[in-house]
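As structure tokens, the structure follows; a few thoughts come after it.
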Amino acid sequence: MAADSRISAALQQVSAEHIRANIEKLVSFGTRSTISPQDSAAVVARHGIGAAREWIKSEFERYAKDCGGCLEVKVDNFTEPAADRIPAPTDITNVYAVLKGSDGDNAKRIVLVTGHYDSRNSDIGDVKGDAPGANDDGSGTAVSLECARVLSKMKFPATIIFLTVAGEEQGLNGSHHFAQMSKEQGWKLEAVLNNDIVGGDKSAEQDHSVVRVFSEGLPAAATEQEIRRIRGLGGENDSASRQLARYVADVGRAYKNDAGVKPMLVFRLDRYLRGGDHSSFNQQGFAAVRFTEFREDFHHQHQNVRTENGIEYGDLPKFVDYDYVARVARLNAATLASLASAPAPPANVRLLTKDLENDSTLTWESSPGSLASSYEIVWRGTTSPEWEHAENVGNVQRATLKLSKDNVIFAVRAVDAQGHRSLPVVPLPER
């Protein structure tokens, strides 16, 4: 993948100072607990999650005004029933902005970036004590806002959604509702980038040059029959989410001088025995990954603000590296822009297996939307984490390579005239 000069120029507009201001504003609401007050009095007092929600909405609206109405600002509001972490039925509101695609059928394709704007302290039920949530997840919310501010100045064939969700700390409630809505409404949601704890906490062991990218292996939405097929083909490492993670790595290499942070692919759903909002989208069958800083400091997560035995606890702004968040935002923006500029992935990709032969023949249907000018076959050894080879086979729908399907994993991706590449699609066997 080569860098697009237009995207590179846009990445230079990402501002660590804007990100700092946004995180500090979020912290100023005291607590953003999902169950904190959100009535009109609390909003006027600028305290609690309702005040945070209204401010986020106003920021998206300000970006929309700056770009001449290019963003459609929306809310997804619902009532979550009482549960373990929700003592009474509670209104939850996701706030998002839509940058509509400019190219006919391609505008139906969607790529999405998200972070959660709710916060918590030591006691999940405490709605009065300060829960600053600067890193968890003011940082991810700031990434979504900054991507909206910068990318709204551009036009792309496909649609980009900039999302902020609530209810994450209560049980991924906001993302669950939004992902379910996306599925029920038949959205062509190609990629979800979830940013959660991307503040680059200033601990001594932190690596500020790296951001982890987590992706599921066996798809959460796979049926038993599909899981048997995956195991039979050795495709445990080739979910759609894993292809998205590899795409992020490609983007990281192409824009390494612009982004300044390296994606570190971690091939598991999330951190060990932990979870996040991207899994809500995985459960609905969408490709989704999670961005998280290299090393978390647990003194600065889910903790009341205090000092004990010389140790400072609490998720405060002073522990956030704003330049690091800006670099993560650039990587997100570059990925969103690359996907939204690219053709749709080819459809119905197949690896022919009727004849017993060492050559490998792949077929596919043209990329929907008429942006593709050619197709590439990519492949790698079965033990390799990323694609190692690519061959452009032209504007065709069938190609044969003198490679044994026993020894490698194949995929096909669409390429437009400017070199933008779609997500790769691993073939299914056809007898």
Side-chain angles (χ1 to χ4, degrees), residues 34 74-81 83 92-98 101 107-118 137 140 144 158-196 213-227 229-230 235-236 238-248 267-270 274-292 332 335-336 339-340 344-345 347 368 422-426 428:
T34 300
K74 307 179 78 170
V75 295
D76 165 36
N77 179 263
F78 62 99
T79 300
E80 185 71 21
I92 295 180
T93 305
N94 301 318
V95 187
Y96 62 109
V98 181
K108 298 175 184 177
R109 299 167 45 223
I110 301 169
V111 294
L112 181 153
V113 61
T114 187
H116 72 87
Y117 70 93
D118 60 309
D137 187 32
S144 197
T159 294
I160 304 177
I161 291 179
F162 310 96
L163 173 64
T164 64
V165 299
E168 194 270 353
E169 302 291 5
Q170 265 60 36
L172 314 182
N173 306 115
S175 59
H176 174 79
H177 189 270
F178 197 91
Q180 190 174 53
M181 177 185 73
S182 303
K183 184 71 171 181
E184 290 172 351
Q185 295 186 6
W187 290 7
K188 295 181 178 179
L189 187 51
E190 288 185 3
V192 173
L193 310 180
N194 175 36
N195 290 264
D196 196 350
V213 181
F214 294 88
S215 59
E216 68 174 0
L218 284 175
T223 65
E224 284 299 319
Q225 182 180 4
E226 288 168 335
I227 289 173
R229 183 183 66 213
I230 289 168
E236 295 90 345
D238 282 285
S239 66
S241 297
R242 202 133 292 174
Q243 305 312 336
L244 176 56
R246 293 182 176 110
Y247 194 97
V248 173
F267 285 170
R268 56 166 40 113
L269 172 61
D270 207 316
R274 299 167 73 193
D277 286 316
H278 58 301
S279 64
S280 295
F281 292 91
N282 290 153
Q283 288 162 9
Q284 298 299 327
F286 297 120
V289 299
R290 174 184 179 135
F291 292 75
T292 298
N332 274 262
T335 304
L336 293 166
L339 286 166
S422 76
L423 288 165
V425 180
V426 175
L428 295 176

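Below, all heavy atoms of this structure are taken into account, side chains as well, without hydrogens, waters or symmetry copies. Sequential numbering from 1 along the given sequence is applied to the chain's residues. It should be emphasised that the depicted structure is a prediction, and the values quoted were computed from it without experimental measurement.
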>> Measuring only between side-chain heavy atoms, which start at C-beta, is R229 closer than 4.5 Å to L428?
In response: yes
> At what distance, to the nearest 0.5 angstrom, does NE2 of H177 lie from CD of E184?
Replying inline: 8.0 Å
> What are the two closest heavy atoms between A245 and V213, and how far apart are they?
Replying inline: CB-CG1, 4.2 Å
>> Working note: F178 + L112, criterion side chain to side chain contact (heavy atoms under 4.5 Å, CB included); need CA distance, chi angles, decisive distance, verdict.
In response: CA-CA 12 Å; F178 197 91; L112 181 153; 3.7 Å; yes
> Rounded to the nearest 0.5 Å, what separation is found between the OG atom of S241 and the CZ atom of R290?
Replying inline: 14.0 Å
>> Quick check for you: to the nearest 0.5 Å, what is the distance between D137 atom CG and D196 atom CG?
In response: 4.0 Å
>> I need the minimum non-hydrogen distance between V111 and A340, along with the two atoms involved.
In response: CG2-CB, 4.3 Å
> Can any side-chain N or O of T114 pair as donor or acceptor with the backbone N or O of N194 at less than 3.5 Å?
Replying inline: no
> Heavy atoms, side chains only, cut-off 4.5 Å: are L193 and L244 in contact?
Replying inline: yes
> Which distance, rounded to the nearest 0.5 Å, do you find between the CD1 of I160 and the CZ of R109?
Replying inline: 10.5 Å
>> Which label fits F281 and F286: parallel for a plane angle under 30°, tilted from 30 to 60°, or perpendicular past 60°?
In response: tilted
> Side-chain contact, heavy-atom cut-off 4.5 Å: Q243 with R246?
Replying inline: yes
> Do you know which two heavy atoms are closest between N282 and A220, and how far apart they sit?
Replying inline: O-CB, 4.0 Å
> Are the side chains of H116 and E169 in touch, meaning some heavy atoms are under 4.5 Å apart?
Replying inline: yes
>> Side chains of W187 and I161, heavy atoms from C-beta outward: is any pair under 4.5 Å?
In response: yes
>> So P219 and I230, do their side chains get closer than 4.5 Å, heavy atoms only?
In response: yes
> Of all heavy-atom pairs between S215 and V289, which one has the smallest distance, and what is that distance?
Replying inline: CB-CG1, 3.9 Å
>> Measuring from atom OH of Y96 to atom CG of D76, what distance do you get when rounded to the nearest 0.5 angstrom?
In response: 6.0 Å
>> Has T159 got a side-chain atom pairing as donor or acceptor with A107's backbone, closer than 3.5 angstrom?
In response: yes
> Which pair of heavy atoms, one from E168 and one from G276, lies closest together, and at what distance?
Replying inline: OE2-CA, 4.1 Å
> Mind checking what makes side chain to side chain contact (heavy atoms under 4.5 Å, CB included) contact with A347, not counting sequence neighbours?
Replying inline: E365
> How many angstroms lie between CE in M181 and CZ in F78, if you round to the nearest 0.5 Å?
Replying inline: 10.0 Å
> Backbone N or O of L163 within a donor-acceptor pair of the S144 side chain at under 3.5 Å?
Replying inline: yes
> Can you tell if the side chain of I92 reaches within under 4.5 Å of the side chain of Q170, non-hydrogen atoms only?
Replying inline: no
> Going by atom types only, do N173 and T34 share a side-chain donor-acceptor pair under 3.5 Å?
Replying inline: no
>> Within a 6.0 Å radius of atom CD on Q185, are there more than 12 heavy atoms belonging to other residues, nucleotides or ligands?
In response: yes
> With a cut-off of 6.0 Å (strictly less than), are more than 12 heavy atoms of other residues, nucleotides or ligands near NE2 of H176?
Replying inline: no
> Have T93 and N77 got a donor and an acceptor in their side chains that come within less than 3.5 Å?
Replying inline: yes
>> Please give me the minimum heavy-atom distance between G217 and S239, naming the atom from each residue.
In response: O-CB, 3.0 Å
> Under 3.5 Å, side chain of N195 to main-chain N/O of F291, donor-acceptor pair present?
Replying inline: no
